[in-house]
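Quick notes on the structure that follows.
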Amino acid sequence: MNFLSQLTGSFSQPCAENPTVAMVEAAFRHHGLDWRYINCEVNPKGLGDAVRGARAMGWRGFNCSIPHKVAVIDHLDALGESASIIGAVNCVVRREGKMVGENTDGKGFLQSLREKIEPSGKRIVLLGAGGAARAIGVEVALSGASRITVVNRSDQRGYELTTLLRDKTPAEVEYVSWNHEFSIPAATDIVVNATSIGLFPDTEARVPLNLESLTSEMVVADVIPNPPRTRLIRDAEARGCQVIDGIGMLVNQGVIGIKYWTGVDVDPQVMREKLEELFGTPTKTPS
Ligand code: NDP
């Protein structure tokens, strides 16, 4: 008999609406893992104490989300490659007693993308330049995307991401200021909405794109997990594009995080079903 569960969890603020705990615990249960995931409300002043507490209690790792993704780095022992380029950590893993920061945002996206298309050698339009866009841009660039067009509303953030990608990755990168309805260049292979446009409750918000410029050869991905069938996804489907919803990215981050912590490859479908149950959407979404 062993009454000591292995502990993981999440530090963020606010955290009450973060569904990751339900998704991860569904996977732990499905695979018979005696592990727990504890969703903790941690304010910025308490972050150092929270990480020290996790160390003292032998936690195997934890996720961190807004507002801790950058600040947590000061409390860790080492960083993985993409986390160090992105400059943000959302998953901490205890390896040989050391707390190592990884970034699974972009890796989760990449895994979803690869189910449809291999990014190597492809031309990508990346809408947005915030945290999600940064993580996605770095991962697709490190995976060999040949050209990335960053499109953003605020130029300062747009330039920062463009400079980061140019300096730290081999991709060719251009920047377009998003002050008009953007037309996707004809040679584009992959379009990614990495903005927060369309997130619940503003579900009918429209990404300012010239829909006529979307062609059926393009893959269109949206990071918005709630609701997964965003207006962009529906518009792109109507234009004949292959589409990728934001649930895949969220689920794959869970899969990668659990693999880091436990070494077990968990079934993504169990986690997708749990999220779809929570978000009240049909189980059948594009795979
Ligand atoms: P940030 O706040 O860091 O960035 C938001 C981005 O959206 C910025 O580029 C911002 O532009 C842009 N934006 C917001 N509103 C508009 C608008 N009306 N018109 C044009 N651009 C706009 O957020 P994150 O990058 O952290 O998150 C973005 C989204 O990604 C969130 O909705 C989040 O839910 C989702 N996400 C999904 C994940 C998943 O696993 N599926 C994982 C992580 C995030 P500007 O710079 O001009 O303000």
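Sequence positions, counted from 1, serve as the residue numbers for this chain. As the structure lists them, so they are numbered: ligands from 1, and atoms in each ligand from 1.
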Problem set entry | Check: Ala133 N/O within less than 3.5 Å of ligand 1 N/O | no
Exercise. Out of curiosity, does Ile197 fall in the hydrophobic cluster containing Ile184 (side-chain heavy atoms, cut-off under 4.5 Å, transitive links)?
Worked result: yes
For this session: Please say whether Ala129 places an N or O atom under 3.5 Å from an N or O atom belonging to ligand 1.
Result: yes
For this session: Flag yes if Met23 and Phe279 sit in one hydrophobic cluster, no otherwise; membership is Ile, Leu, Val, Met, Phe, Trp, Tyr, and two members link when side-chain heavy atoms are under 4.5 Å apart.
Result: yes
Seminar exercise, completed: When distances are taken from atom 24 (P) of ligand 1, the protein heavy atom at minimum range is Ala132 N, 3.8 Å
Exercise. Going only through I, L, V, M, F, W and Y residues with side-chain contacts under 4.5 Å, is there a path from Leu4 to Leu7?
Worked result: no
For this session: Give a yes/no verdict on whether any heavy atom in Gly108 is under 4.0 Å from an atom of ligand 1.
Result: no
Problem set entry | Region of Arg134 engaging ligand 1 - heavy atom pairs below 4.0 Å | neither
Problem set entry | Side chain, backbone, both or neither: the part of Ile224 lying under 4.0 Å from ligand 1 by heavy atom | side chain
For this session: Please could you name the atoms of ligand 1 that Asp105 approaches to less than 4.0 Å, counting only its heavy atoms?
Result: 42 (C), 43 (C)
Exercise. Counting N and O atoms only, with roles assigned by atom type, does the side chain of Arg36 sit under 3.5 Å from a partner on the main chain of Gln6, one being a donor and the other an acceptor?
Worked result: no
Exercise. Are any of the side-chain nitrogens in Asp77 or Arg95 under 4.0 Å away from the carboxylate oxygens of its partner?
Worked result: no
For this session: Using a strict cut-off of 4.0 Å, indicate which atoms of ligand 1 neighbour a heavy atom of Leu199.
Result: 32 (O), 34 (O)
Exercise. Taking it one step at a time, do Tyr159 and Tyr175 satisfy ring pair (Phe, Tyr, Trp, His ring centres under 6.0 Å)?
Worked result: CA-CA 7 Å; Tyr159 284 129; Tyr175 174 64; 4.8 Å; yes
Exercise. Looking at atom 12 (C) of ligand 1, would you say a protein heavy atom lies below 4.0 Å from it?
Worked result: yes
Exercise. Going by an N to O cut-off under 4.0 Å, is there a salt bridge joining Glu181 and Arg206?
Worked result: yes
Problem set entry | Distance from atom 40 (O) of ligand 1 to nearest protein heavy atom, with residue and atom | Gln253 NE2, 2.8 Å
Exercise. Between Arg231 and Asp222, is there a side-chain N and carboxylate O pair less than 4.0 Å apart?
Worked result: no
Exercise. Hey, does the side chain of Arg134 reach the backbone of Ala129 with a donor-acceptor pair shorter than 3.5 angstrom?
Worked result: no
Exercise. Do any N or O atoms from the side chain of Trp261 and from the backbone of Val92 form a donor-acceptor pair under 3.5 angstrom?
Worked result: yes
Problem set entry | Audit row: Lys259, Val264, side chain to side chain contact (heavy atoms under 4.5 Å, CB included) steps and yes/no | CA-CA 5 Å; Lys259 173 79 175 181; Val264 174; over 6 Å; no
Problem set entry | Check: Tyr37 ring centroid to Phe28 ring centroid under 6.0 Å | no
For this session: State whether the shortest distance between N or O atoms of Pro225 and N or O atoms of ligand 1 falls below 3.5 angstrom.
Result: no
Exercise. Considering distance alone, does some N or O of Gly131 sit under 3.5 Å from an N or O of ligand 1?
Worked result: yes
For this session: For residues Ile258 and Met271, determine if any side-chain heavy atom of one lies less than 4.5 Å from a side-chain heavy atom of the other.
Result: yes
For this session: Measure Asn152 to ligand 1 on non-hydrogen atoms and call it side chain, backbone, both or neither using the 4.0 Å cut-off.
Result: side chain
Exercise. Do Trp178 and ligand 1 have an N or O pair less than 3.5 Å apart?
Worked result: no
Seminar exercise, completed: Going by the 4.0 angstrom heavy-atom rule, the piece of Arg157 near ligand 1 is side chain
Exercise. Quick check: does Val223 get an N/O under 3.5 Å from an N/O on ligand 1?
Worked result: yes
Seminar exercise, completed: To atom 32 (O) of ligand 1, the nearest of Gly130, Ser196, Gly158 on a heavy-atom basis is Ser196
Exercise. For Ser154 and ligand 1, does the shortest N/O to N/O distance drop below 3.5 Å?
Worked result: yes
Exercise. Of the backbone atoms (N, CA, C, O) and the side-chain heavy atoms from C-beta on, which set of Ile197 has a member under 4.0 Å from an atom of ligand 1: side chain, backbone, both, or neither?
Worked result: side chain
Exercise. Can you list the atoms of ligand 1 that are under 4.0 Å from a heavy atom of Gly128?
Worked result: 9 (O)
Exercise. Can you tell me the protein heavy atom closest to atom 18 (N) of ligand 1 and the distance?
Worked result: Arg153 NH1, 3.5 Å
Exercise. In the protein, what heavy atom is nearest to atom 29 (C) of ligand 1, and what distance, to one decimal place, separates them?
Worked result: Thr195 O, 3.6 Å
